[in-house]
Protein chains: 2
Amino acid sequence: MQLDERKYRILQAIIDDYIMTAMPVGSRTISRKSGVGFSPATIRNEMSDLEELGYLAQPHTSAGRVPSYKAYRLYVDHLMKTSKLTSDERERMHEHLISRSKQVEGVIRSAANVLSDATKYTSVIVAPKLGTLRIKHVQLVPVAERTALMVIVTNAGIVKDAIIRVPEGLDADDLYGISRILTQRLADQPLEGVRQAFADLLRNAEQNRRLLGEALQVIEQRLEAGGDASDVIVGGSANLLEYPEYSDVNKARSFLSVLESKDTLRKLLGSQGSMEVSIRIGPENQVPELNDCSIVTASYRVGDHSTGTLGIIGPTRMNYNRVISVLDFMGRALSDVLSEYK
Amino acid sequence: MQLDERKYRILQAIIDDYIMTAMPVGSRTISRKSGVGFSPATIRNEMSDLEELGYLAQPHTSAGRVPSYKAYRLYVDHLMKTSKLTSDERERMHEHLISRSKQVEGVIRSAANVLSDATKYTSVIVAPKLGTLRIKHVQLVPVAERTALMVIVTNAGIVKDAIIRVPEGLDADDLYGISRILTQRLADQPLEGVRQAFADLLRNAEQNRRLLGEALQVIEQRLEAGGDASDVIVGGSANLLEYPEYSDVNKARSFLSVLESKDTLRKLLGSQGSMEVSIRIGPENQVPELNDCSIVTASYRVGDHSTGTLGIIGPTRMNYNRVISVLDFMGRALSDVLSEYK
DNA sequence: GTTAGCACTCAACGTCATCGAGTGCTAACG
DNA sequence: CGTTAGCACTCGATGACGTTGAGTGCTAAC
């Protein structure tokens with residue numbers, strides 16, 4: 001059996017309705033509401049076909065139909081009408097975004113809030129992979145006897161810091177000097193290549209070998225850890241509770257637990273590189289707890305090579321059109337704002 | 001009517017039971033369970049008295065009794081038996097705490113997780129007030145044409161950064177020089193007094209007046225904003241959903257919304273200075289959404305003058321004993337770990 | 001091919017009786 | 001006189017049961 005024009009129209013009407021109401025959709029509803037001028041009986045026949053094809057399901061015999069994952073997939077790929085945001089909205093979002101743009105992390109945090117406010121779902125933003133950033137500056141600051149804070153500033157304006165031990169007898173001026181050398185040698189190196197650069201440094205360093213060794217270790221640790229919790233930012237985690245699919249406390253809890261596991265989120269969003277919006281519906285995503293959620297992601301750019309990911313997590317019956325528009329816009333806006341720092 | 005020994009014992013037994021089960025407690029239960037060897041009838045009489053005194057309440061006539069806020073207050077002040085953590089537990093917590101102690105923010109984040117894991121409630125930690133920290137180092141790092149990143153390192157090892165505009169024509173070396181001067185002049189100033197110090201600098205500065213002005217503005221902004229979202233860290237927000245008092249989705253939602261509002265949390269925890277554990281039960285706290293929660297807080301020290309707050313938010317029937325022990329221990333542990341950086 | 005009609009299904013809802021945990025009161029007990 | 005056994009009473013929780021209504025599938029007529 002093939003899908004003809006009418007089936008498409010009916011399926012679309014069902015999904016549109018279900019997205020709004022979260023209630024199984026009956027033939028009568030479609031017959032009345034949609035522009036398709038057919039009687040309930042006709043619709044029923046079509047619905048029966050659609051069910052057989054795996055696009056619809058019935059919670060129980062005497063209920064209406066509910067779209068399947070397959071239906072959502074078809075919907076986002078072919079049926080959905082996409083719309084642009086009004087310029088008014090764009091403006092408002094952009095304004096919120098730059099309202100505290102003094103710091104990279106602040107911008108990302110605002111972006112998460114803007115996203116979740118605009119969509120009423122939960123937003124997640126992953127900061128750019130550190131490995132692709134370039135070092136701008138390295139500074140060792142004495143904070144105590146034999147202890148220094150190493151601050152690494154990257155080209156994206158992102159600052160990473162770590163406490164390291166330093167050999168005895170180094171005073172502020174020594175550290176200052178070492179910082180100069182480090183900055184000179186490492187400037188414009190991508191963090192990824194830093195191991196090589198450091199090895200060179202070490203080979204030639206007649207002194208302070210231990211200190212440099214420790215510094216290298218710290219930088220590497222940062223890299224392989226894939227960043228710490230602070231580079232996954234979640235916004236609007238309470239929003240999901242608005243939706244009837246989460247009125248079951250257990251579902252809500254397991255959802256919230258996932259949001260607390262930054263590792264899972266980082267894996268979930270992954271960096272898919274392109275600026276294209278990506279959509280994973282229900283079981284298409286790898287995290288079992290989120291198998292009845294959909295995840296829509298886009299990416300943003302910082303500088304030339306680094307990309308981060310921003311995404312929305314919501315029920316499978318989410319308003320894909322809206323979410324895609326918002327993410328698309330915000331991805332660009334975020335890239336613009338953050339690339340000013342470049 | 002006065003509370004005699006027996007009434008105390010009975011009240012304590014009721015609260016102990018209610019804390020565990022969250023179910024109204026009947027006379028029979030108390031008669032059987034507690035060491036108080038009296039018949040249900042006697043207990044009933046006493047309970048009736050306790051109710052009249054405002055320590056107990058009945059959800060409905062044929063139900064058991066539930067402790068009132070007044071009862072919890074009495075409980076934590078006089079009845080509760082306090083216990084120490086096992087050394088095993090202390091060790092485990094301490095270990096988790098230092099597991100990623102390379103960064104101040106990392107430590108605080110771990111601490112929040114340890115707290116919520118150990119108590120099964122929600123934890124909140126507020127970083128020290130910036131105003132009381134002292135500047136260790138100021139560094140301007142060029143990130144783009146006419147743009148620099150200003151990094152301020154404090155004595156607590158906390159790093160704050162902000163993008164500022166710089167006048168045209170300043171190259172990396174100029175910024176380096178200016179950083180030196182700034183650091184020289186501002187080192188060991190508390191952030192609070194920085195305005196004065198800066199004013200002096202400005203008066204004498206024959207050049208770069210604009211740049212310094214902007215830098216001052218940024219620092220001040222940081223101060224008056226009371227810090228940004230990143231210095232309030234929440235852990236275990238999903239934990240609360242385990243408890244029957246939050247099986248109502250609306251309650252859960254309003255609770256989670258409060259957790260998202262960092263401003264409210266900051267106000268709620270406030271810095272109460274002393275290392276003493278403070279307990280606010282139900283309506284004793286100022287946030288209406290949390291009027292059926294209790295909030296237990298302690299404080300930790302960074303360096304000599306700065307203090308931050310750590311707290312647990314849970315249902316009024318929380319396990320006060322456990323929570324107090326954990327907070328007390330963690331307050332000290334956190335102080336120790338963070339003061340190593342001093 | 002479309003639709004009106006109709007019997008059928010089944011969750012949701014309201015009603016009603018039952019059950020039992022818990023109370024308050026009274027009278028008896030040591 | 002404090003304590004306790006006994007007892008009638010209250011009231012939420014639970015489950016059985018009938019009703020309602022939205023929705024379906026099938027058949028026959030248009």
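Chain identifiers are assigned alphabetically (A, B, ...) following the order of the sequence lines, protein sequences preceding nucleic acid strands; residue numbering begins at 1 within each chain. Values below: every heavy atom of this structure, side chains too, minus hydrogens, waters and symmetry copies.
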Task: Criterion salt bridge (Lys or Arg N to Asp or Glu O under 4.0 Å) on R73(B) and D77(B), from CA distance to verdict - done: CA-CA 6 Å; R73(B) 179 42 69 193; D77(B) 287 345; 3.3 Å; yes
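- S39(A) and T42(A) share a side-chain donor-acceptor pair at under 3.5 Å.
- The number of heavy atoms from other shown groups lying within 6.0 Å of CD (Q286(B)) does not exceed 12.
- Separating the CD1 atom of I30(A) from the P atom of dA22(D) is a distance of 16 Å, rounded to the nearest angstrom.
- For the pair V326(A)/M93(A), a side-chain contact is recorded, criterion being any heavy-atom separation below 4.5 Å from C-beta on.
- With a cut-off of 3.5 Å on both pairing distances, the Watson-Crick and G-U wobble pairs of DNA chain D assemble into stems of 3 or more at C:1-30 with D:1-30.
- A side-chain donor-acceptor contact under 3.5 Å links Y75(B) and D16(B).
- Of the candidate nucleotides dG24(C), dT24(D), dG22(C), dT24(D) has the atom lying nearest to any side-chain atom of S27(A).
- Looking at heavy atoms from C-beta onward, D17(B) lies in side-chain contact with T29(B) at the 4.5 angstrom threshold.
- Nearest nucleotide to the E51(B) side chain, out of dG24(C), dT24(D), dA4(C): dG24(C).
- OP1 and OP2 of dA4(C) both lie 4.0 Å or more from every side-chain N or O belonging to R28(A).
- As a whole-Å value, the separation of E52(A) CD from dT24(D) P is 16 Å.
- Dashed line: the shortest gap from a side-chain N or O of R6(B) to OP1 or OP2 of dG2(D) is not under 4.0 Å.
- Rounded to an integer number of Å, the gap from I43(B) CD1 to dC25(C) P is 18 Å.
- In this structure, F38(B) places its CZ atom 21 Å from P of dC29(C), rounding to the nearest Å.
- Counting only N and O atoms by type, the side chains of S294(B) and Y320(B) include a donor and acceptor under 3.5 Å apart.
- The side-chain tip of R317(B) does not point at the ring of Y72(B) from less than 6.0 angstrom away and within 45° of straight on.
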- [ ] Please assess R44(B) against E51(B) for the test salt bridge (Lys or Arg N to Asp or Glu O under 4.0 Å), listing each intermediate value before the final yes or no.
- [x] CA-CA 10 Å; R44(B) 273 207 290 283; E51(B) 181 169 2; over 6 Å; no
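- A donor-acceptor contact closer than 3.5 angstrom links the side chains of S83(A) and N321(A).
- Comparing dT23(C), dT3(C), dA5(D) by their nearest atom to the side chain of A41(B) picks out dA5(D).
- K33(B) has its NZ atom 17 Å from the C1' atom of dG22(C), to the nearest Å.
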Just the table, please: protein N/O against nucleotides 10-20 of chain D N/O, every pair under 3.5 Å.
| from | atom 1 | to | atom 2 | distance (Å) |
| --- | --- | --- | --- | --- |
| dT10(D) | O2 | S62(B) | OG | 3.3 |
| dC11(D) | OP1 | T61(B) | OG1 | 3.1 |
| dC11(D) | O4' | S62(B) | OG | 3.1 |
| dC11(D) | O2 | S62(B) | OG | 3.3 |

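- The interatomic distance linking E46(A) (CD) with dT2(C) (P) rounds to 8 Å, in whole Å.
- OP1 or OP2 of dT4(D) lies within a sub-4.0 Å distance of a side-chain N or O belonging to T42(B).
- The CG atom of N45(B) sits 11 Å away from the P atom of dT23(C) (whole-angstrom rounding).
- Under 3.5 Å, the side chain of R44(B) and the base of dG24(C) form at least one donor-acceptor pair of N or O atoms.
- Rounding to whole angstrom units, CE of residue M47(A) and C1' of dT24(D) are separated by 10 Å.
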